[in-house]
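To keep things clear, I will list the structure first and then write my remarks on it.
Order of the sequence lines fixes the chain letters, A, B, ..., with proteins taken first and strands second; residue numbering starts at 1 for each chain.
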There are 2 protein chains.
Amino acid sequence: MVDNKNLNQSIIKAFILLDAFTNDKKEWGVRELANKTGYNKSTVYRLLSTLVSLNVIHQNENEKYRLGSKLFELGNRVSLYQSLITVTNQPIKNVALEIQETVLLGALKEQQVFYLNKADSLQGLKISTSIGSYQPIHATASGKLLLAFSSVNTQENYLKNNSLTAFTQNTITKKNELKSKLQIIKNQKYALDLEEFELGLICIAIPIFNKKGNAIASISASGPSSRFRLENVQNYISILQKGAHSIENSLQDFDSL
Amino acid sequence: MVDNKNLNQSIIKAFILLDAFTNDKKEWGVRELANKTGYNKSTVYRLLSTLVSLNVIHQNENEKYRLGSKLFELGNRVSLYQSLITVTNQPIKNVALEIQETVLLGALKEQQVFYLNKADSLQGLKISTSIGSYQPIHATASGKLLLAFSSVNTQENYLKNNSLTAFTQNTITKKNELKSKLQIIKNQKYALDLEEFELGLICIAIPIFNKKGNAIASISASGPSSRFRLENVQNYISILQKGAHSIENSLQDFDSL
DNA sequence: CTAAAGCGTTTCATTTAATGAAACGGTGTT
DNA sequence: AACACCGTTTCATTAAATGAAACGCTTTAG
């Protein structure tokens with residue numbers, strides 16, 4: 001790895017700017033972005049102008065900036081996920097229809113859960129987790145599940161290098177508690193998130209195995225606690241499992257992500 | 001628009017590098033990329049290192065570089081297209097199954113055709129046009145179709161500012177010829193590309209209308225001329241039209257793209 | 001109707017960072 | 001054992017990014 005001092009500062013700044021454009025805040029002005037990032041407004045303006053000239057960012061009629069088609073184009077070229085997305089589109093959609101909640105496909109990536117694909121429920125109340133986003137391992141069903149099915153090395157490495165931040169009063173914050181929870185999850189072959197990341201949000205995750213028997217991804221259903229009944233867990237799981245098997249049958253040679 | 005001299009050169013170089021990662025060439029080495037772009041290999045190395053540190057590019061075990069998850073993440077945040085893609089996934093897939101050729105969803109963007117979504121045929125011989133890519137208006141079925149259904153202003157603006165480059169011996173290169181062709185296309189409500197962009201490649205496109213009656217997108221089928229029979233045009237069109245109607249029914253309030 | 005405050009944009013002297021040639025250390029090949 | 005090729009690092013030179021202030025414009029306030 002190259003020394004930190006040798007990294008190109010303009011590029012880093014450009015991507016920090018791009019990261020400010022989220023689903024919750026899609027549009028930014030120059031001064032606004034300068035305040036948010038701490039960069040000089042001239043710098044922000046020039047960086048944005050450059051990105052506009054490359055179609056990485058578009059400028060609205062109201063002068064506000066938003067993400068542009070070049071990112072869409074490049075995002076669609078990221079080959080690692082293409083086949084996995086194609087293969088999972090239909091199965092997770094079917095699960096979402098049957099389960100009537102948002103369905104997400106997750107994978108471990110850099111000590112976090114990375115969401116690869118999503119099928120929205122048709123319900124009015126939807127969760128906002130978006131494709132391509134990350135969430136903490138210890139506070140999510142997908143995260144705990146995937147960690148539970150990881151190697152002992154991966155687990156210990158994770159526990160050593162991460163502090164378990166509390167997001168709600170239900171978040172697991174003690175490493176010993178998480179460790180024994182992982183054992184339970186592996187035995188019961190599913191994981192729950194009972195408002196551990198966000199109050200009012202419940203989630204169930206089960207593993208997707210490749211032919212070598214490794215859990216390479218998770219399929220999960222998320223919905224508001226108001227709709228969730230603990231006695232229906234087995235029902236949710238059996239629907240998710242239909243989806244998981246359908247995906248597993250289509251999978252060819254994914255070892256990991 | 002900002003003066004060209006004020007654009008950030010590092011960012012431009014970074015995106016020129018990223019653009020080298022195509023579906024046909026997904027992996028690059030440092031020297032290889034340096035040769036391709038004309039940049040010094042030290043520069044390429046440092047740019048790549050920066051992009052790796054940002055997860056914009058990943059490095060394989062064999063030291064080769066490829067596009068990374070940050071682009072996937074950002075690409076999925078480009079909001080302009082999200083709902084249109086969700087709405088069209090299933091219809092174009094159905095069309096692809098029935099028509100047995102690659103189906104593309106196109107829209108006009110900056111005097112070019114921009115492909116928003118794609119459903120592959122199951123045939124061995126597939127076309128390589130990818131989501132997010134651009135093609136010239138005058139040499140494609142989708143381009144000619146969308147231009148034909150554009151306003152007179154848009155048409156004349158296009159004809160004024162673009163020269164009609166020949167890609168094959170069949171490409172329309174005379175502006176008067178294109179102009180009269182547009183009239184025909186608008187009347188018959190479909191457009192053909194008979195090896196006008198790439199030899200051996202045939203394409204049929206029909207419009208998708210919004211509720212205001214504007215053609216906001218095209219749906220097209222592309223395949224090798226060896227499989228294509230002119231007498232089947234009406235059959236292709238009726239299958240495409242089923243897909244178009246299905247999309248039109250799902251569309252809510254897209255005026256343009 | 002004018003003043004003030006907001007915005008994106010441009011300017012220009014100053015500073016900081018990107019640059020390229022060459023060397024380095026590793027791997028695989030002849 | 002010699003060579004060729006790779007990604008990587010070094011360091012003096014050069015070129016480009018930077019920030020404060022001013023600009024022109026639009027929107028809001030008095």
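Atom CG in B:L7 sits about 19 Å away from atom P in D:dA15, given to the nearest Å. For the pair B:N8 CG and C:dT19 C1', the interatomic distance rounds to 14 Å; values are reported in whole Å. To the nearest angstrom, C1' of D:dG7 lies 13 Å from CG of B:L33. Remark: P of D:dC6 and CH2 of B:W28 are 13 Å apart, rounded to the nearest angstrom. For B:L48 and D:dG7, the CG to P distance is 10 Å, given to the nearest whole Å. In this structure, A:L17 places its CG atom 15 Å from C1' of C:dG8, rounding to the nearest Å. With rounding to whole Å, A:I12 atom CD1 is found 13 Å from C:dA18 atom C1'. Taking atom CG on A:L47 and atom P on C:dG8, their separation rounds to 14 Å, with Å as the unit.
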Assess the residue pair B:F149 and B:F209 against the criterion (ring-ring contact (aromatic ring centres under 6.0 Å, His included)); give the C-alpha distance rounded to whole Å, side-chain angles, the decisive distance to 0.1 Å, and a yes or no.
CA-CA 10 Å; B:F149 281 93; B:F209 296 103; 5.5 Å; yes
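At a cut-off of 3.5 angstrom, counting only N and O atoms as typed in the model, there is no donor on one side facing an acceptor on the other between the side-chain of A:R46 and the base of C:dG8. Counting atom types as modelled, B:R31 pairs a side-chain N or O with a base atom of D:dG7 as donor and acceptor under 3.5 Å. Residue side chain A:S42 reaches the base of C:dT10 through a donor-acceptor N/O pair under 3.5 Å, judged by distance alone.
Dashed line: the shortest gap from a side-chain N or O of B:K13 to OP1 or OP2 of C:dT19 is under 4.0 Å. Regarding contacts with the backbone of C:dT9, a side-chain N or O of A:Y65 is found under 4.0 angstrom from either OP1 or OP2. Residue B:N40 has a polar side-chain atom (N or O) positioned under 4.0 Å from OP1 or OP2 of C:dA21.
Proximity of A:L47 to A:T43: side-chain heavy atoms (C-beta onward) are separated by under 4.5 Å at one or more points. Under the 4.5 Å side-chain criterion, counting only non-hydrogen atoms from C-beta, A:I137 is not in contact with A:N162.
The existence of a salt bridge linking B:K25 and B:E32 is confirmed by a sub-4.0 Å separation between a basic side-chain nitrogen and an acidic carboxylate oxygen. Between A:R77 and B:D19 there is a salt bridge, since a side-chain N of the basic residue sits under 4.0 Å from a carboxylate O of the acidic one.
Nucleotides of DNA chain C nearest to A:E32 and B:S10 differ in position, and the one nearer the 5' end is that of A:E32. When each of A:K41 and B:Q59 is assigned the nucleotide of DNA chain D bearing its nearest heavy atom, the one mapping closer to the 5' terminus is B:Q59.
In the set D:dG7, C:dT10, D:dA17, C:dT10 carries the atom at the smallest distance from any side-chain atom of A:Y45.
Heavy atoms of A:Y39 sit nowhere under 4.0 angstrom from any nucleic acid atom.
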